[in-house]
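Below is one structure, written out as structure tokens; the observations come after it.
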Amino acid sequence: MSFRARGSRPLLAAVASAAALGCDGPQSSLEPAGRDAAHIAELFWLMTIGAVVIWVVVVALALHALYAKRERDEKTVDRLVVIGGAVIPTVLLAALLVYGLAMLPGVLARAPEGSPEIHVVGEQYWWRVRYPDGEGGTFETANELHLPVDVPVELRLEASDVIHSFWIPSLAGKMDMIPGRVTRLRVEPTRTGNFRGACAEYCGTSHAWMAFAVVVEPREDFERWLAAQARPAARPSDDRALAGASLFLSQGCGACHAVRGTPADGTIGPDLTHVGGRRTIGAGRVATSASALRRWVAEPDALKPGVHMPAFAMLEDDELAALAAYLEGLR
Ligand code: CUA
């Protein structure tokens, strides 16, 4: 490709590289890592290329009309209007409709009978996730989804308060989570990796901070992770963490949070049984670390405006440190 105007080259290069940079990463529907995302990306590219071709033809015709020397006879003009204005758009739009509709059943299909089912509930502003424990029951975790590669998984989606929308752009389309209703989404990751999901429906002050980590891993790694997550919490390993564990109970944290294997069995907030092993806290807000946990407990609202968790700013520094040590040790 050559461009006449030399001055436009750096600009075009800048635009192209910015566009390319914006199209990859852990949250891109244009770099699909799932079966349905691949279909959606295919449709996107087909429509984009089609739109560009049509735009070029229309602009070329417009320029031709502006600069053409020769007058056309009326019959030719009429024919051009009918063909260009009615026949071609009808044929193209009908073809696109058939192509799009033919794709729909595949994208909306349920996962095959017997596929693993994961239950995700949208909350203001985090994700409650329930996995089967392998013994007919379920256990709960939050804000992180692990999926086996090349296995279709059925996601059962609900909302507890307002409408949220569940979206992992790299893996599949988005699906609304509606209070009082169950919606379903099949995901079938086609390669391993770390991805990012997000809420795609405005749901309140911290809608923009409602994200989650998605880890797609080989089946054996997934099974190992699942078995570890199903186990009750690890016992605190040192004095500081032990002090944190008793503070957790005495401060009433257990009224909202569960730590399986301890008396804490609240269900209002995220299950914290393995919170220290998650990649982020606050639903994708900050990377997990003792200092981040400490800050979260002291002033959650500063990290996440509108969060329902009250601040525990009245705790002394050493108490906050003990609580953070305990939580960080819950791997
Ligand atoms: Cu939940 Cu936006």
Side-chain angles (χ1 to χ4, degrees), residues 22 25-30 32-34 36-37 40 44 107-108 117-131 138 140-147 153-187 189 194-216 256-258 266-272 274-275 278-288 292-293 295-297 299-311:
Q27 193 178 340
S28 171
S29 48
L30 297 183
D36 297 302
I40 293 166
F44 170 83
V107 172
L108 293 180
E117 185 178 275
I118 303 169
H119 187 179
V120 186
V121 184
E123 310 262 355
Q124 276 176 321
Y125 307 93
W126 60 281
W127 311 85
R128 186 190 298 277
V129 187
R130 282 194 202 105
Y131 276 93
T138 58
E140 220 172 277
T141 170
N143 303 327
E144 192 165 303
L145 207 60
H146 284 240
L147 299 168
V153 170
E154 180 88 356
L155 297 176
R156 183 188 150 95
L157 307 174
E158 285 178 81
S160 72
D161 33 41
V162 298
I163 299 176
H164 303 270
S165 183
F166 180 95
W167 194 24
I168 312 169
S170 306
L171 299 189
K174 64 179 81 151
M175 183 59 76
D176 277 0
M177 307 169 104
I178 302 161
R181 286 193 65 160
V182 175
T183 49
R184 291 175 176 276
L185 183 72
R186 182 199 54 196
V187 288
N194 292 312
F195 305 99
R196 187 175 186 271
C199 181
E201 175 87 31
Y202 181 74
C203 54
T205 319
S206 273
H207 155 70
W209 290 125
M210 188 169 168
F212 58 103
V214 182
V215 181
V216 177
C256 291
H257 296 285
T267 57
I268 296 170
D271 183 296
L272 300 180
H274 300 288
V275 67
R278 291 178 202 150
R279 282 158 175 72
T280 66
I281 57 163
R285 180 64 182 88
V286 276
T288 306
L293 283 158
R295 185 164 175 223
W296 179 270
V297 174
E299 44 173 12
D301 201 58
L303 286 165
K304 200 165 200 175
V307 69
H308 291 322
M309 175 167 158

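These figures come from a predicted structure and were not determined experimentally. In listed order, ligands and their atoms are each counted from 1.
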min-distance N/O/S atom, H164 vs atom 1 (Cu) of ligand 1, resolves to ND1
Only residue of M210, H308, H207 satisfying side chain to side chain contact (heavy atoms under 4.5 Å, CB included) with Q124 is H308
How large, to 10°, is the angle at atom 2 (Cu) of ligand 1 when you draw lines to SG on C199 and to SG on C203? 120°
Of all N/O/S atoms in E201, the name of the one nearest atom 2 (Cu) of ligand 1: O
Shortest-distance N, O or S atom of H207 relative to atom 2 (Cu) of ligand 1: ND1
Any idea how H164 and W127 line up, ring-wise: parallel (<30°), tilted (30 to 60°), or perpendicular (>60°)? tilted
Spell out, as yes or no, whether a donor-acceptor pair under 3.5 Å connects the side chain of D161 to the backbone of E123. no
Residues E158 and R156 bridged, charged N to O under 4.0 Å: yes
Exactly one candidate in R279, R278, H274 meets side-chain hydrogen bond (donor to acceptor under 3.5 Å, both in side chains) with E144; the answer is R279
Can you tell me if, anywhere in M177, an N/O/S atom lies at a distance from atom 1 (Cu) of ligand 1 that is smaller than 2.8 Å? no
